[in-house]
Amino acid sequence: MLKVAKFGGSSLSDSAQFAKVKHIVESDDARKVVVVSAPGRRTSDDNKITDLLYLCKAHLKYDVSPDPIFEMISARYREIRDQLGLTLDVDSELAEIRSKMTKNMSVDYLVSRGEYLNAKLMAEYLGYHFVDSADWVAFGYDGKVDYEKTEQQLQEIYNVYNRIVVPGFYGSLPNGQIHTFSRGGSDVTGAFAAASLDADIYENWTDVTGILMVDPRIVSNPKTISRVTYAELRELSYMGAAVLHEDTVVPVRRKDIPVNIRNTNDPEAEGTIIRESFEADNAEETSRFITGITGKKDFSIISLHKANMSDAVGAIRRVLEVLEQYRIPIAQIPSGIDSFSLVVPTDKLVPVKYDLISDIKRNCQITDINVQDDISLIAIVGRQMAYRTGISGKIFGALGANRINIRTIEQSSDEINIMVGVFTKDFEKTIQVLYESFAK
């Protein structure tokens, strides 16, 4: 069995966290491939190493010495090395990086060094072989990963060394130049490693015990989602749930490799399993029917009414073309017989509001237009809702009993998501009512 284990920055912030990681890796012989991020914050007022590296680049750009910031970075790595009793020549590595720090240096090279150095330290600590991600994550000049080349190169390396530590976040272009993923890209590196080696499972170790059913800032101590499908995850992520880097699931989903979100600080907890589908639903999932609840604030409703609109061919299309010209995305399109509404992000609407309305009136011959701000969208997500009667009634009944006015309603055709629009003043209350009513 092969497990690829990726550890985030909070899991590697200092020597104590390194020790936790080592215990986790050594507790399961299947964890043969380890992917690491750069050190994260040790405390709430601390700095992430990657942030400090970006700050160094900003100093260089404006001809300000980066040395005070770079010394903070250096001290972190020396401290980890010394407290763990490692022998890696960190000072030589740091000196090489510093020698390349010029105004015109590659920012990708600089910020990738956080993961690079951390992986070198972890490889020595575990007794694993260090593999530079520049040697196997292959980007094309268009910035897209070459799947075939990436898989082939890692397979060749793994066949030789078998137990490896790789840095996340970066790879290389065809000319050998370092190229990074977007922030959070270490998750993606781990996914590519798991997919390349046809791993049995991809473990993503972080500082939370899996994916929570609801935002803990709104509901105290919410339950963890034990199992979630990729389709459900997409719905939750789109509506604001901070789960994984959006590109993480692509490589592993292609090969139906399960993803397991785990907590480095609570390794006994099973966390959350993500996969395409599950052969059978457990009793808790069947009885609860809701997988997760999430939402976004700051939407506006543009309501349009015109007599006999239902008989006018292309009325909605013409309005949508106007919004496209203004590059305004649309979250919902609730409709009636002679009216329809557009739910759009308020921040996109405000700068062009009056010009947009004017163009709609002129091009679409619709004069009755109203705008309602302070709207929030709440998504109730769950594969157990499909083909079960009465679910919507239960949800609307609970909200009505708590005097929450529903402004819009939408349900996806696959029936895994019911989305309601409410006044923003009721945002937190709506999520609390739904959780207390159906998720506990």
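Remember, predicted model here, so these are calculated numbers, not experimental data. Numbering starts at 1 and runs along the sequence shown. Heavy-atom basis, side chains included; hydrogens, waters and symmetry copies ignored.
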Exercise. Which residues pass the salt bridge (charged side-chain N to carboxylate O under 4.0 Å, His left out) test with Arg327, sequence neighbours left out?
Worked result: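 None.
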For this session: Report the residues that fulfil salt bridge (charged side-chain N to carboxylate O under 4.0 Å, His left out) with Asp142, sequence neighbours left out, ordered by chain and then residue number.
Result: none
Is a side-chain N or O of [X] found less than 3.5 angstrom from the main chain of [Y], in a donor-acceptor match?
| X | Y | result |
| --- | --- | --- |
| Thr189 | Phe169 | yes |
| Ser237 | Arg234 | no |
| Thr424 | Asp374 | yes |
| Lys20 | Thr264 | no |
| Arg262 | Pro267 | yes |
| Asp298 | Thr346 | no |
| Glu203 | Ala5 | no |
| Thr272 | Ile225 | yes |
| Ser133 | Pro167 | yes |
| Asn204 | Lys6 | no |

Problem set entry | From CA spacing to verdict: side-chain contact (heavy atoms from CB on, under 4.5 Å), Tyr125, Val21 | CA-CA 10 Å; Tyr125 191 44; Val21 169; over 6 Å; no
Exercise. Yes or no on side-chain contact (heavy atoms from CB on, under 4.5 Å) for Cys364 and Val322, after CA distance, side-chain angles and deciding distance?
Worked result: CA-CA 9 Å; Cys364 308; Val322 175; 4.2 Å; yes
Quick one: does [X]'s side chain get under 4.5 Å of [Y]'s, heavy atoms only?
| X | Y | value |
| --- | --- | --- |
| Asn260 | Tyr202 | no |
| Asn118 | Ile80 | yes |
| Gln372 | Ser303 | no |
| Arg42 | Arg76 | yes |
| Tyr147 | Arg254 | yes |
| Leu12 | Phe18 | yes |
| Asp215 | Thr294 | no |
| Glu428 | Arg217 | no |

Problem set entry | Residue pair Phe278, Arg383: steps toward the side-chain contact (heavy atoms from CB on, under 4.5 Å) verdict | CA-CA 11 Å; Phe278 297 94; Arg383 63 188 182 278; 3.8 Å; yes
Exercise. Is Glu124 salt-bridged to Lys120, going by a charged N under 4.0 Å from an acidic O?
Worked result: no
[atom1]/[X] to [atom2]/[Y] distance, rounded to the nearest 0.5 angstrom?
| X | Y | atom1 | atom2 | result |
| --- | --- | --- | --- | --- |
| Ser172 | Asp108 | OG | CG | 11.5 Å |
| Leu86 | Met122 | CG | CE | 9.5 Å |
| Arg41 | Asp51 | CZ | CG | 6.0 Å |

Exercise. Val35 and Phe192: side-chain contact (heavy atoms from CB on, under 4.5 Å), yes or no, with the steps?
Worked result: CA-CA 10 Å; Val35 182; Phe192 273 113; over 6 Å; no
Exercise. Got a sec, which residues hit ring pair (Phe, Tyr, Trp, His ring centres under 6.0 Å) with Phe139, two or more places apart in sequence or on another chain?
Worked result: His179, Phe181
Exercise. Which of parallel (below 30°), tilted (30 to 60°) and perpendicular (above 60°) describes Tyr116 and Phe130?
Worked result: perpendicular
Exercise. Which one of Asp28, Asp198, Asp29 satisfies the salt bridge (charged side-chain N to carboxylate O under 4.0 Å, His left out) criterion with Lys3?
Worked result: Asp28
Exercise. Is there a side chain to side chain donor-acceptor pair (under 3.5 Å) between Asp359 and Tyr326 once you walk through the steps?
Worked result: CA-CA 10 Å; Asp359 282 352; Tyr326 284 90; 2.5 Å; yes
